[in-house]
Trainee: 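Sharing a structure with you now.
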Amino acid sequence: QVQLVESGGGLVQAGGSLRLSCAASGRTFSGYAMGWFRQAPGKEREFVGGIHWNSGRTYYADSVKGRFTISKDNAKNTVYLEMNSLRPEDAAVYYCAARLFAVAIVSTQYKYWGQGTQVTVSS
């Protein structure tokens, strides 16, 4: 019933910015938490950040804190990941995910997942 669709990925030069979108359909995410994850080739899926839908409280991994910002648009059922000062190590496939209750940092705790969008950072 619930579907998540990511968009906004692409190629960006180091130091540049990119904004990813995650649009949800099927229902409102009242009572849910949204997470952003990324996975580079040969690497584990890594927690980037998350937002609690109702309160707007956000959480960030240390590696992106101060550079990335998560926000949401209730009317559009959409979550955004704004990425600034991008580094080559930020290159990965980025996924949005949803689960009930609180934001979690473990990917297996999320029930709903998008297809992912590729972010490439060149030097």
Trainee: Going by ring pair (Phe, Tyr, Trp, His ring centres under 6.0 Å), F37 matches just one of Y94, Y95, W113. Which one?
Mentor: W113
Trainee: Roughly how far apart are T117 OG1 and L20 CG, rounded to 0.5 Å?
Mentor: 6.0 Å
Trainee: May I ask you to test the T78-F29 pair for a side-chain heavy-atom distance under 4.5 Å?
Mentor: no
Trainee: Look only at the side chain of N77 and the backbone of S25, and say whether a donor-acceptor pair between them is shorter than 3.5 Å.
Mentor: no
Trainee: Please find out if less than 6.0 Å separates the ring center of F47 from that of W36.
Mentor: no
Trainee: Does L4 share a hydrophobic cluster with Y110, counting links as ILVMFWY side-chain heavy atoms below 4.5 Å and allowing steps through other members?
Mentor: no
Trainee: Looking at E44, I'd like to know if its CD atom is crowded, meaning that more than 12 non-hydrogen atoms belonging to other residues, nucleotides or ligands lie closer than 6.0 Å.
Mentor: no
Trainee: Could you walk me through whether C22 and M34 pass the side chain to side chain contact (heavy atoms under 4.5 Å, CB included) check?
Mentor: CA-CA 10 Å; C22 176; M34 304 292 297; 4.2 Å; yes
Trainee: Mind checking whether V79 and W53 have side chains closer than 4.5 Å, heavy atoms only?
Mentor: yes
Trainee: Nearest 0.5 Å, what's the OG-CG distance between S17 and L86?
Mentor: 6.5 Å
Trainee: With a 4.5 Å heavy-atom cut-off, do K111 and V2 have their side chains touching?
Mentor: no
Trainee: Can you find a heavy atom in the side chain of Y60 that is under 4.5 Å from one in the side chain of I70?
Mentor: yes
Trainee: Between Y32 and F101, does the ring centroid distance fall short of 6.0 Å?
Mentor: no
Trainee: Do you know which two heavy atoms are closest between A104 and Q109, and how far apart they sit?
Mentor: CB-CB, 3.9 Å
Trainee: Closest approach of A40 and A91, non-hydrogen atoms and distance?
Mentor: CB-O, 3.8 Å
Trainee: Step by step, work out the side chain to side chain contact (heavy atoms under 4.5 Å, CB included) result for K43 and R38.
Mentor: CA-CA 9 Å; K43 304 293 185 180; R38 65 188 183 187; over 6 Å; no
Trainee: Is S107 close to E46 at the side-chain level, that is, under 4.5 Å between some pair of heavy atoms?
Mentor: no
Trainee: Heavy atoms, side chains only, cut-off 4.5 Å: are T58 and K72 in contact?
Mentor: no
Trainee: State, to 0.1 Å, how close S85 and R67 come at their nearest heavy-atom pair, and which atoms those are.
Mentor: O-NH1, 3.0 Å
Trainee: Is V103 reachable from I105 through a run of hydrophobic residues whose side-chain heavy atoms are each under 4.5 Å from the next?
Mentor: yes
Trainee: Do V48 and V119 sit in the same hydrophobic cluster, where Ile, Leu, Val, Met, Phe, Trp and Tyr count as joined when their side-chain heavy atoms come under 4.5 Å apart?
Mentor: yes
Trainee: Could you see if M83 belongs to whatever hydrophobic cluster contains L11? Use Ile, Leu, Val, Met, Phe, Trp, Tyr and a side-chain cutoff under 4.5 Å.
Mentor: no
Trainee: Counting heavy atoms not belonging to Q115, are there more than 12 under 6.0 Å from its CD?
Mentor: no
Trainee: So do N84 and F68 actually touch side chain to side chain, heavy atoms under 4.5 Å?
Mentor: no
Trainee: I'd like to know if K65 and D62 make a salt bridge, using a cut-off of under 4.0 Å between side-chain N and carboxylate O.
Mentor: yes
Trainee: Going from CG on L81 to CG on L18, what distance comes out if it is rounded to the nearest 0.5 angstrom?
Mentor: 9.0 Å
Trainee: Could you tell me the separation between the CD1 atom of I51 and the OG atom of S71, rounded to the nearest 0.5 Å?
Mentor: 6.5 Å
Trainee: Within the 4.5 Å heavy-atom criterion, are V121 and E89 side-chain neighbours or not?
Mentor: no
Trainee: State yes or no: do V93 and Y112 share one hydrophobic cluster built from I, L, V, M, F, W and Y residues joined by side-chain heavy-atom distances below 4.5 Å, directly or via other members?
Mentor: no
Trainee: Measure the spacing between OG of S123 and CD of Q13 and express it to the nearest 0.5 Å.
Mentor: 8.5 Å
Trainee: So does R19 pair up with E82, basic N to acidic O under 4.0 Å?
Mentor: no
